[in-house]
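Take a look at the structure below.
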Amino acid sequence: MPSTPDLKATLTLPQTAFPMKANLPQNEPHRLARWASLGLYEELRKARRGRPTYLLHDGPPYANGPIHLGHALNKGLKDFVVKSKTMAGFDAPYVPGYDCHGLPIEIKVDEKLGHKKLEMPAPAVLEACRAYAQKYVDLQTSQFQRIGCFGRWAAPYKTMARGYEARTLEAFYGFPEKGFVYRGLKPVYWCIHDRTALAEAEVEYQQHTSPSVFVRYKLTSDPAAIAPSLAGRDVATIIWTTTPWTLPASMAVAFHPDFEYVALAAGEGPNAPVYLIAAALAEQVAAACKLRTTKELARFQGAALDRVTFQHPFLDRSVLGVLATYVTADAGTGAVHTAPAHGADDFATGQRYGLDPTSRVDAGGHLHVDPAAWPFAVPPAFEGMKVWAANPIIVAMLEERGALLGGGELEHAYPHCWRCHHPVIFRATEQWFISLETPVKSAQGQEKTFRRLAIEEIDKVVWDPAWGKERITNMIATRPDWCISRQRIWGVPIAVFLCETCNQPIIDPNLNRKIVDLFEREGAEAWHTTDVAALVPAGSRCAGCGSHNFRKETDILDVWFDSGVSWMAVCEADPDLRSTYTLFQNQAGAQCRPEVLYLEGGDQHRGWFHSSLLTSVALRGRAPYSHVATAGWTLDELGRAMSKSLGNGVDPVDIASRMGGEIVRLWVASVDFREDMAASENLMARCAEIYRKLRNTFRFLLGNLAGFNPAADAVDERELLPLDRYMLARTRELVEKIVGPDGKSGWYGAFEFHRVYQAVNEFAIVDLSAFYLDVLKDRMYTFAPTSLARRSAQTVLWRITEALVRLVAPILSFTADEVWEHLPQIAGREASVHLALFPKPEEIFAEDATKLIAEWKRLFDLRDEVFAEMEAERKQGKIGKGLDARVEIAANESDAALLRSFGDEALAEFFNVSEVVIRSPRGVNKEGAPARPAVVALPATGVKCARCWRYTQDTADYGAWQNVCARCRGALEEMGFTPPNIEQPQTETTS
RNA sequence: GGAGCCGUGCCUCAAUGGUCACAGGAGCGGACUUAUAAUCCGAGAUCUGCUGCUGCAACAGCAGGUGGGGGUUCAAAUCCCCCCGGCUCCGCCA
């Protein structure tokens with residue numbers, strides 16, 4: 001077979017410097033450096049200045065470790081939002097932040113400093129904490145940037161910054177000044193390991209085994225007053241508790257006023273002991289306490305037990321019978337041991353009855369008995385012991401004294417400290433509280449409670465998904481007052497002076513301003529280094545007792561308060577954000593009001609969403625956001641939460657370094673973040689596979705745009721070939737779905753990133769790779785570059801690429817920017833794709849896309865038939881590729897007309913075959929069409945063109961080039977190629 | 001105890017009332033060597049029922065089948081109810 005080796009050189013094959021292999025781990029850092037040198041974030045701000053604003057306010061991650069997948073998801077989603085809003089034309093600044101104060105860091109620093117800490121002055125300890133937090137601020141910043149997140153990384157907000165600390169304190173002062181805050185004795189969750197109060201948000205429930213004991217409380221008031229039949233009997237009640245260590249603080253026994261109680265005699269005779277227990281529980285209690293034959297002596301309402309008295313089982317004092325509706329009949333005895341110092345309900349009851357709420361447990365959890373009530377000469381064995389150690393001792397003492405009626409162990413969910421994971425206790429201490437029942441005035445001047453107003457504000461916010469509204473509403477509706485004080489050091493001091501005599505705080509706005517200014521200048525350390533006298537004006541007197549001696553409060557603020565005032569410390573204060581935020585605050589309900597979005601994991605309903613709402617409603621009378629989106633949890637492939645113990649975690653930093661930050665981003669885009677999401681090495685590898693497909697599609701697009709000069713070569717939309725027009729219509733459809741008719745709604749507008757991912761993926765693989773680009777090869781490779789047909793295709797390829805690169809830019813930020821650089825250069829183009837705007841549907845294709853696509857539907861059905869037939873031929877080895885085939889279609893009239901309207905060439909291209917013959921149908925009945933057109937695929941006839949591989953009837957030798965079809969000959973002539981001299985064979989290298 | 005989510009082929013998943021349920025991966029079969037560390041085409045869910053036959057097998061066709069069951073509807077993966085399985089969050093236990 002004679003060959004013409006140089007004929008191949010006359011083809012216009014794809015040509016591009018855009019590499020097939022991405023080498024993401026190596027190349028992404030280079031692109032990051034380019035963005036940095038370009039000052040891209042600042043450029044974006046400049047480019048969008050004056051446009052409508054969109055504010056995504058960053059929830060600060062805690063700066064105490066490297067980032068994990070949840071962080072990557074969180075920041076990735078935010079980056080999609082910010083970038084897509086920016087490309088939709090909004091000015092969307094993004095100031096990332098970090099949560100820096102708090103126990104975890106202080107504990108880490110404690111471990112590092114060891115006993116040295118005790119000798120160090122407070123400012124030095126704070127300095128160590130600051131350094132520790134800063135280390136992780138820097139680490140996380142570099143990690144977030146590594147996965148391509150844009151933002152003001154050079155100046156993130158930090159809750160430990162001087163300005164932030166000053167704003168936090170200012171926010172705090174707002175509460176007492178407006179009457180939201182009280183300081184009082186109250187039981188709070190208390191971690192005896194960390195020696196601090198905890199907020200509800202800081203406890204987690206874990207399984208814990210507690211002793212479970214039934215204790216006899218002997219009645220000391222007149223039994224006949226309860227029921228006449230009890231006169232003269234030895235009466236007692238039985239309480240059940242799982243915390244024997246609270247018994248020294250037992251001040252009352254609570255009964256439900258409406259429950260029925262029985263008096264049971266245990267045994268025969270007038271001397272048998274009698275027990276008062278709830279009727280519903282009598283059987284259970286009798287069994288647990290092994291009461292033998294029981295006989296009911298009386299039956300009465302719990303209300304009858306109000307203010308009866310009992311003897312404490314081991315202390316020399318009496319215990320009051322009280323009534324409370326929280327007593328339940330599903331566990332215990334119906335008689336609830338009440339220790340006001342160690343339970344919220346107990347405390348409330350104690351207040352109603354005037355009981356002593358003093359805690360005999362110190363900050364470290366050591367028990368101390370009230371000497372006045374201790375009836376024996378020697379101190380109790382549990383004196384000074386930790387509560388857990390005291391439990392068995394107290395139980396033994398009960399047993400010894402005959403007060404223990406039953407016992408055992410109970411495994412139950414018990415609150416633990418979320419930081420140190422030790423079980424926590426309830427302990428009444430002096431704390432600062434924000435009262436949810438504070439009366440406030442709404443904007444309309446109506447009186448309501450703080451709680452009520454907060455709930456009303458929740459209602460004005462868009463919650464996504466919608467059930468978030470109900471969730472946070474329930475939380476606010478039922479939560480207790482917010483305990484905002486902590487007995488630690490690493491945080492914002494509650495910078496208040498207390499009266500040495502009566503503990504009354506000084507609430508003086510002028511003094512408060514002075515201290516805020518001090519914090520602004522010197523940071524929170526100033527509270528530790530400045531003397532009382534330097535701040536409190538001379539001659540100040542306590543409003544309560546008139547004393548003029550004051551001391552500094554040493555508690556710090558709950559860290560949830562810190563981050564919860566970020567709307568004030570950042571949005572209201574930061575020069576880049578405040579004008580937008582002020583507009584947001586003042587334009588409620590107005591059209592021009594900018595959106596303020598909070599986007600975090602669902603756990604923040606009780607965290608940041610919650611604390612931010614409360615502070616903003618209290619201080620500004622409105623919610624700090626207009627839109628709250630929540631993400632689900634990242635789980636492993638089997639749907640389990642990721643944990644160190646399971647070893648099923650996926651490290652985004654590791655994935656970025658091995659596969660690329662782009663792969664992490666693609667994974668984030670691939671999942672529906674509103675639900676729980678699966679992640680694993682395996683799934684990441686799948687994303688990498690998808691990435692390669694997308695990248696290769698871009699590469700092929702770019703390769704076929706080589707030499708295309710849009711200004712000179714682009715074909716007017718009306719002159720485009722039908723197939724090319726069809727693809728523009730498809731592209732328009734895609735654009736419309738992704739960015740909406742206006743270029744700013746659609747799936748990006750609704751944060752439906754996984755749909756963008758799916759649709760782009762499908763478009764690239766199905767519409768482009770498997771169809772359009774495949775079919776186009778013949779035209780792209782063999783036609784003269786000057787030909788209308790080829791320029792028509794290029795025009796469309798160019799528009800598709802320009803659209804696609806913008807559509808994926810928020811997600812594939814690295815790759816899109818790389819593609820951008822390889823696109824045909826046009827005047828006035830932005831330096832980065834990220835500075836560009838999303839395409840608008842009508843810019844892609846001005847006509848009715850839906851109609852055109854519907855028209856093509858029938859053609860694609862026929863194409864499927866053709867392919868099925870060709871596959872059969874292929875199986876028999878009669879043809880190989882499509883161009884080896886000739887297809888005959890016996891079509892009914894409408895099909896035939898449709899097919900003929902495209903012309904033979906276009907049809908052959910569409911089916912990717914050498915020849916298409918349309919025949920009138922045989923065997924078609926008169927009424928109408930056959931069920932399906934008769935399609936026959938046959939080996940092509942004619943001679944194969946050596947250049948374009950089509951079989952044609954007009955293939956002939958062209959000089960020394962053998963077997964060149966007439967179309968190729970025309971193209972060669974137009975391109976100025978002449979056949980090589982027959983006598984002088986072409987040498988291998990020319991020019 | 002409360003709230004909620006998920007269940008689609010071996011795997012990952014799309015599609016929230018409308019044609020024979022999208023696509024990808026893996027595996028299988030094939031083509032191409034003009035996207036080549038590529039590209040293209042094809043077959044492909046388990047099971048049940050019915051029909052074709054004297055009968056059986058194979059095969060073919062039809063129907064049903066989106067965890068199971070029921071309902072609304074001309075029409076359901078999609079809406080409603082119940083159940084099963086998996087998961088998450090919240091709360092509580094004196």
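Every value quoted in this text rests on a predicted model; they were computed, and no experiment measured them. Residue numbering restarts at 1 for every chain, and letters A, B, ... go by the order of the sequence lines. Keep in mind that the numbers below use all heavy atoms, side chains included, and drop hydrogens, waters and symmetry copies.
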The answer to which of F700(A) and G602(A) contacts RNA chain B further toward the 5' end, by nearest nucleotide, is F700(A)
Check: Taking the same atom, P, in G85(B) and in C79(B), what whole-Å distance lies between them?
Finding: 23 Å
Rounded to whole Å, CD of E909(A) lies from P of C40(B) at a distance of 17 Å
May I ask you to verify if any side-chain N or O of R606(A) is less than 4.0 angstrom from the OP1 or OP2 atom of C90(B)? yes
task: Describe the nucleic acid contact of M475(A) in one word from base, sugar-phosphate, nothing, applying a heavy-atom distance below 4.0 Å.
output: sugar-phosphate
Whole-Å distance, L694(A) CG to U39(B) P, equals 11 Å
Rounding to the closest angstrom, what is the interatomic distance between A3(B) and U66(B) at atom P? 29 Å
For Y772(A), the side chain to side chain donor-acceptor pair (under 3.5 Å) test, sequence neighbours excluded, returns D724(A)
In RNA chain B, consecutive runs of at least three Watson-Crick or G-U pairs below 3.5 Å, as range with range, amount to B:1-7 with B:84-90, B:10-12 with B:23-25, B:28-31 with B:39-42, B:47-52 with B:59-64, B:67-71 with B:79-83
Tell me whether E733(A) contacts the main-chain N or O of T850(A) through its side chain, where contact means a donor paired with an acceptor under 3.5 Å. no
- Query: Between C59(B) and A45(B), how far is it from one P atom to the other, in whole Å?
  - Reply: 14 Å
Rounded to whole Å, the CG-C1' distance (L13(A) to A38(B)) equals 14 Å
Check your understanding: Expressed in whole Å, how much space separates the P atoms belonging to G18(B) and U78(B)?
Key -> 11 Å
Applying side chain to side chain donor-acceptor pair (under 3.5 Å) to E470(A) and not counting sequence neighbours gives none
Atom OH of Y757(A) and atom P of U12(B) are separated, to the nearest Å, by 14 Å
For F18(A), does the six-membered ring have the charged nitrogen or CZ of R695(A) within the cation-pi criterion, i.e. under 6.0 angstrom from the centroid and within 45° of the normal?
yes
Taking for H754(A) and for R863(A) the nucleotide of RNA chain B with the nearest heavy atom, the one nearer the 5' end belongs to H754(A)
Look at the side chain of R947(A) and the backbone N and O of T10(A), then say whether any donor-acceptor pair between them is shorter than 3.5 Å.
yes
Winner on side-chain proximity to W949(A), out of A35(B), U16(B), U33(B), is U33(B)
Side-chain contact check for T241(A): nearest option of C90(B), A94(B), A14(B) is A94(B)
Residue set satisfying side chain to side chain contact (heavy atoms under 4.5 Å, CB included) with T473(A), at least two apart, ordered chain then number -> I455(A), I458(A), K469(A)
Pairs: protein N or O with nucleotides 1-7 of chain B N or O, under 3.5 Å:
from, atom 1, to, atom 2, distance (Å)
C6(B), OP1, E675(A), OE2, 3.4

Between CG of L773(A) and C1' of A35(B) the distance, given in whole Å, is 9 Å
From CG of L768(A) across to P of A38(B) the rounded distance in Å is 19 Å
Sorted by chain and number, sequence neighbours left out, side chain to side chain donor-acceptor pair (under 3.5 Å) with T815(A) holds for E662(A), Y691(A)
Regarding the side chain of D774(A), the nearest nucleotide among U39(B), A38(B), U34(B) is U39(B)
With sugar-phosphate taken as primed atoms, P, OP1 and OP2 and all else as base, the protein-contact string of nucleotides 21-31 of chain B at under 4.0 Å (heavy atoms; B, S, -) is -BSBS---B-S
| field | R692(A) side-chain N/O to U36(B) phosphate OP1/OP2 under 4.0 Å | value | no
| message | Tell me whether T243(A) contacts the main-chain N or O of T241(A) through its side chain, where contact means a donor paired with an acceptor under 3.5 Å. | response | no
Determine the contact category for R695(A): base if any of its heavy atoms lies under 4.0 Å from a base atom, sugar-phosphate if only primed atoms, P, OP1 or OP2 are that close, otherwise nothing. nothing
Residues at least two apart in sequence or cross-chain that pass side chain to side chain contact (heavy atoms under 4.5 Å, CB included) with E736(A), listed by chain then number, are R732(A), P741(A), P841(A)
**Report entry** C1' atoms of A57(B) and C74(B), separation to the nearest Å
**Finding:** 42 Å
Indicate, yes or no, whether a donor-acceptor pair under 3.5 Å links the base of A35(B) to the side chain of S769(A). yes
Exercise for review: Taking atom P in both G69(B) and C84(B), compute the distance separating them and give it to the nearest angstrom.
Suggested key: 15 Å
Sorted by chain and residue number, the salt bridge (charged side-chain N to carboxylate O under 4.0 Å, His left out) partners of D774(A) (sequence neighbours excluded) come out as K777(A)
Sorted by chain and residue number, the side chain to side chain contact (heavy atoms under 4.5 Å, CB included) partners of E681(A) (sequence neighbours excluded) come out as I655(A), R658(A), M659(A)
Sorted by chain and number, sequence neighbours left out, side chain to side chain donor-acceptor pair (under 3.5 Å) with N74(A) holds for K78(A), E600(A)
* Asked: Within 45° of the axis and under 6.0 Å from the centre of the six-membered ring of F910(A), does NZ or CZ of R863(A) qualify?
  -> yes
Notebook entry, point to check: Expressed as a whole number of Å, how far does the P atom of C22(B) sit from that of A43(B)?
Noted result: 13 Å
inquiry  = Taking the C1' atom in each of G42(B) and G27(B), what is the distance between them to the nearest angstrom?
reply    = 14 Å
Side chain to side chain contact (heavy atoms under 4.5 Å, CB included) filter on M20(A), not counting sequence neighbours, yields N696(A), R699(A)
Just call it for R755(A): base, sugar-phosphate, or nothing, with non-hydrogen atoms closer than 4.0 Å on any strand. sugar-phosphate
Taken to the nearest whole Å, NZ/K21(A) to C1'/A35(B) is 17 Å
Here the distance between atom C1' of G91(B) and atom CD1 of I472(A), to the nearest Å, is 16 Å
